[in-house]
There are 2 protein chains.
Amino acid sequence: MANQLRLSIDRSSPVPLYHQVVQGIEAAIHTGLLEPGSRLENEIDLAAQLNLSRPTMRKAMDELVRSGLLVRKRGVGTQVVSSQVRRPLELSSLYDDLTNNGSKPTTEVLTFAHIEADAPTREALHLATGAKVYHFTRLRKVGGKPLALMENWVRDDITHIDEDLLKTQGLYSILRSGGVNFRLATQRIGAVVANDYQAPLLETEPGSALVTMERTAVDDTGRNVETGHHVYRGDSYSFEMTLVQR
Amino acid sequence: MANQLRLSIDRSSPVPLYHQVVQGIEAAIHTGLLEPGSRLENEIDLAAQLNLSRPTMRKAMDELVRSGLLVRKRGVGTQVVSSQVRRPLELSSLYDDLTNNGSKPTTEVLTFAHIEADAPTREALHLATGAKVYHFTRLRKVGGKPLALMENWVRDDITHIDEDLLKTQGLYSILRSGGVNFRLATQRIGAVVANDYQAPLLETEPGSALVTMERTAVDDTGRNVETGHHVYRGDSYSFEMTLVQR
DNA sequence: AATCAGAGTATGTCCTAACAAACGGACATG
DNA sequence: CATGTCCGTTTGTTAGGACATACTCTGATT
């Protein structure tokens, strides 16, 4: 007998049904109720058991496949992925990541200015000549240890930003509070060695390895809201992600 | 008048209708027919124009939203993203990436062995004690310039691999020919400085920056097929990707 | 005994049909 | 003039059905 997935679906909840199923199966996998490698019942039976239509059930499983927790094969069935799957890279700020992990990051604002955008910034954010942006550099520490040196440019026609705010909140959190709905970001990850400016701030040696990230984020109205250039200590930070076929 | 998206849909083609739409819209965006920032007609009208049902049209647009070419907003509509969106990180090998970009990579096989898997490899590939794997290290050059130093472990119960094959084909191409259908991979990207072994092979100095990537790939039967540890010259390689909300 | 064909099963694609919810602008009201 | 309400538009969610296709296993044929 297959695993009985005793999910409870609340049809009066504002949470979409398919998402309730996603959460239920995720929980079942993380608690070990659904073992890695085990096969799920077929879509139609599962849908019937939960009194859902097949498209709804399938949409839920689609999400789980995309997030890498399940693999499907036509004519065969759907399995829980046997490996420990890490959460795919998400559109979140480092601050969010760290607080989610239970750490307590602190932020030092090194510079802060409200200035006219220079040419590269105007291009990255699609701004007209003369447009102004917030420009600031921050140093993020976790447990007193420096982790990241971040330089950002944010368009100023969205929400007010000041130095005090940046000390207590992540940039993305501030922007979200300001009504920005992020939709996507393009980023590039590479490596450099620490220079004489970066090394002392990150409390490492010039010549040590740093992970670099350049990112530009777009909101739901298609505006390029923010662009940044971050460097992380190579000995304490790396990017984990799950790539899914198709 | 909105952009007339004169897509042609071939209902006798084996290519799914929704995918034909995806390709058509992608092409329209890349050729500039659909300008960045422009609004698409609504889903229902577009579907009607192509004689498709709304779910099919919507599935196509879902994919485009996921790949970062479009952004949607309820009550408003769907827009072409204004920024140049890079192709999201895909489940492909470096060799594929380079050949797609028109470069002509060459591969040197530095070591090749068919050996018993050690403990970390057994764990990464979920193998039993005593299981054997192919283990090899390769140096990849583009235009005569070294780019990547790659060390891989591949389970041996899938397809035969030999040194000559590795010289002429990418690993993923070999495995796909062997019947492997990759579904997902988890990877981690970081930074180190080149050591005395890596530097001469990559024709760089010890102490220069390298991008590191560790990856484990899973196929459609849930098997962990391959795991590898690659290093790239930091001055000539970086990972680009698009992150999409939700 | 080995190979091939077919049945059964599960996912993949596609359709019609509704209703819900969020957004933006127009209009009415204080 | 400012504010709140309503309404049309557009995407979001859900249902139920039908057929296609790929895979596995089993039984029949050579």
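Sequence lines set the chain letters: A, B, ... in the order given, protein chains first and strands last, and positions in each chain run from 1. Bear in mind that the values here come from a model prediction, so they are computed numbers and not experimental data.
Residue-to-nucleotide proximity on DNA chain C shows that, of B/Ser53 and A/Asp220, the 5′-proximal contact is made by B/Ser53. Between A/Val15 and A/Val76, it is A/Val15 whose nearest contact on DNA chain D lies nearer the 5' terminus.
Proximity of A/Arg58 to the phosphate of D/dA15: no side-chain N or O atom is located under 4.0 Å from OP1 or OP2. In this structure, B/Thr56 does not reach the C/dT13 phosphate: none of its side-chain N or O atoms is under 4.0 Å from OP1 or OP2. Within the structure, a side-chain polar atom (N or O) of A/Tyr18 is placed less than 4.0 Å from OP1 or OP2 of D/dT13. In this structure, A/Thr78 does not reach the C/dA10 phosphate: none of its side-chain N or O atoms is under 4.0 Å from OP1 or OP2. A close approach under 4.0 Å does occur between a side-chain nitrogen or oxygen of A/Lys59 and OP1 or OP2 of D/dT13.
The separation between A/Gln20 atom CD and D/dT13 atom C1' is 12 Å, rounded to whole Å. Taking atom CG of residue B/Asp62 and atom C1' of nucleotide D/dT13, one finds them 12 Å apart after rounding to whole Å. Look at CG on B/Leu70: it is 11 Å from P on D/dT11, rounded to the nearest Å. Computed from coordinates, the A/Asn181 CG to C/dG24 P distance equals 10 Å when rounded to whole Å. In this entry the distance linking CG of A/Leu17 with P of C/dC19 reads 17 Å, nearest Å. Atom-to-atom, CD of A/Glu43 to P of D/dA22 comes out at 16 Å; the value is rounded to the nearest Å. Taking atom CE of residue A/Met57 and atom C1' of nucleotide D/dT13, one finds them 16 Å apart after rounding to whole Å. For B/Asn51 and C/dC14, the CG to C1' distance is 14 Å, given to the nearest whole Å.
Here A/Asp219 does not pair with A/Arg183 in a salt bridge; the nearest charged N to carboxylate O distance is not below 4.0 Å. Between B/Asp156 and B/Lys132, no side-chain nitrogen of the basic residue sits less than 4.0 Å from a carboxylate oxygen of the acidic one, so the salt-bridge criterion is not met. Salt bridge present: A/Asp62 and A/Arg72 bring a charged side-chain N and a carboxylate O closer than 4.0 Å. Residues A/Arg54 and A/Glu43 are paired through a salt bridge, judged by an N-O separation under 4.0 Å between the basic side chain and the carboxylate.
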Within the sub-3.5 Å range, which N or O atoms of nucleotides 17-20 of chain D have a protein N or O partner, and how far apart are they?
| from | atom 1 | to | atom 2 | distance (Å) |
| --- | --- | --- | --- | --- |
| D/dA18 | N6 | A/Arg54 | NH1 | 3.4 |

Show me the protein contacts with nucleotides 4-7 of chain C, counting only N or O atoms at under 3.5 Å.
none

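Residues B/Trp153 and B/His229 come closest through the heavy atom pair CZ3-N, 4.4 Å. Of all heavy-atom pairs between B/Phe182 and B/Leu175, the closest is CZ-CD1, 3.7 Å. Shortest non-hydrogen contact noted between A/Ser38 and A/Glu35 is OG-O, 2.6 Å.
Side-chain proximity of B/Asn42 to D/dT13, D/dT10, D/dC23: nearest is D/dT10.
Aromatic ring orientation, B/Tyr134 versus B/His160: perpendicular (interplanar angle above 60°, classes split at 30° and 60°).
The shortest distance between side-chain heavy atoms of B/Leu171 and B/Glu226 falls below 4.5 Å.
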Under 3.5 Å, which donor-acceptor pairs link side chains of residues 74-81 of chain B to any protein atom two or more places apart or in another chain?
none

